[in-house]
Amino acid sequence: FNLVTQPLFSQKTIRDESQVVSYVLPDLLKTRSGKMVRTKRDWEKTRRPELLSLFSENVYGKTPSEKVPMRFVQYDADSNALGGQAIRKQVTVYFGKKGERSMDILLYFPRNVKGSVPVFLGLNFAGNQVVHQDPGITITKRWVRDGVAPVIVEHRATEASRGSQAGDWVVEDILARGYGLATVFCGDLQPDRPDSFNEGVHSLFFKEGQNMPQSDEWGAIGAWAWGLSRAMDYLETDKMVDATKVAVIGHSRLGKAALWAGAQDQRFAMVVSNNSGEGGAAITRRKFGETIEIINKAFPHWFSGNYKQFGGREDALPVDYHELIALIAPRPVYIASASEDWWADPKGEYLSGYYASPAYALYGSEGLSTPELPETNRPTGAGKIGYHLRKGGHTMNRYDWQQYLHFADKWLRR
Ligand code: GCU
């Protein structure tokens, strides 16, 4: 699927490389107090925690650290799903003492594999039923944002939405390669609109009388990333899952969430960003395509209130997005762009991998070795940072998955 990604504002956007003005990135390996990081110990003790709090305070907002009570209820099992290729399960995760909030996890496992399997975990845009035609998948009853999937009527998913984003998920391919898939609707965590903080998981943490996050508290992306970690809590209890080999993946806004989840939660063994763009993999100081100002105006609920201060003031932001990628080190990370997806700034997405490479070097791991963007459909990165520029538009498709599966074979399976 292809979301409309045209600028909503008259602010001039750069879509031509020659208009990018020079910029200075915050030094990845220099602490706020001016010390240079030389070892992985310095990185882990000082710089990594410092970067995590800078991203929390200035970008995504703080994720609450309190634990909420959780209960897992498996309500569906089919050991002969998808024409016999798969085992399907559906599990509701209840949050809060009385189960005030919940999310549904849809899981597929390859039927012909004995023992636990590595799993891809990702959020979807419009309900679990969009990932496959399978009539056994529960259709979400929750509010769905306009434009994120076909056949949503008055913000409700219809029967016809079943499988409407199957091309983004290629479930059969994933299973055939020996991986499981777990997915959750992002709207279970927080509906994707600015006035829904009372309806999502935020409300579990509100203080008496609070109904909006404070300016340094998490926004929707934070809540979605939190949900990915809670799904991981479940995966750790499921015997069919090899929880040491879970790759977190997401497309676009949900790619931003996957990166933030992977940065914060080191249980994720691999992270995949598909066309995540501004507020995801793209270097924001390039101001190419979408900018901080535009994203905050169009989607005021995604980031923290504090992030609003940096609209048009990119250089004042104490971090840039190569540092988000670096927070994943030394775990494997794959960044993908699409040639027509200028809005997400393919070159900026590539460069964040390149500029994150010194963090991988601290672990003796290779990252990306040249600042030159590779040609279309030429995946690159012999080390733990993979990248490709797919020919085509803003979507996730079979070509993308082929590269992710290949990268996972290389790093998760060994
Ligand atoms: C819009 C938004 C992007 C986002 C995209 C998506 O285009 O501007 O930041 O990534 O939607 O989620 O598809």
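Remember, it's a predicted structure, so these values are computed and weren't measured experimentally. Counting starts at 1 for both ligands and their atoms, in listed order.
Scanning His251, Glu290, Arg253, Glu278 for the heavy atom closest to atom 9 (O) of ligand 1 points to Glu290.
No close placement of the His132 and Trp169 rings is indicated, their centers lying 6.0 Å or farther apart.
Distances below 4.0 Å separate heavy atoms of Trp302 from the following atoms of ligand 1: 4 (C), 9 (O). Of all the atoms in ligand 1, the ones that sit under 4.0 Å from a non-hydrogen atom of Lys256 are 3 (C), 4 (C), 9 (O), 10 (O). Residue Ile295 has at least one heavy-atom neighbour below 4.0 Å for each of these atoms of ligand 1: 9 (O).
Considering backbone and side-chain atoms alike, His394 places an N or O below 3.5 Å from some N or O of ligand 1.
Applying the ring pair (Phe, Tyr, Trp, His ring centres under 6.0 Å) criterion to Phe72, with sequence neighbours excluded, gives Tyr234.
A distance of 7.0 Å separates CH2 in Trp43 from CG in Leu362, rounded to the nearest 0.5 Å.
Smallest separation of non-hydrogen atoms from Gln74 and Asp76: NE2-O, 3.2 Å.
Cation-pi check for Arg101 over Phe95 is not met; the charged atom does not lie both under 6.0 angstrom from the ring centroid and within 45 degrees of its normal.
Of the heavy atoms in Ile294, none comes closer than 4.0 Å to ligand 1.
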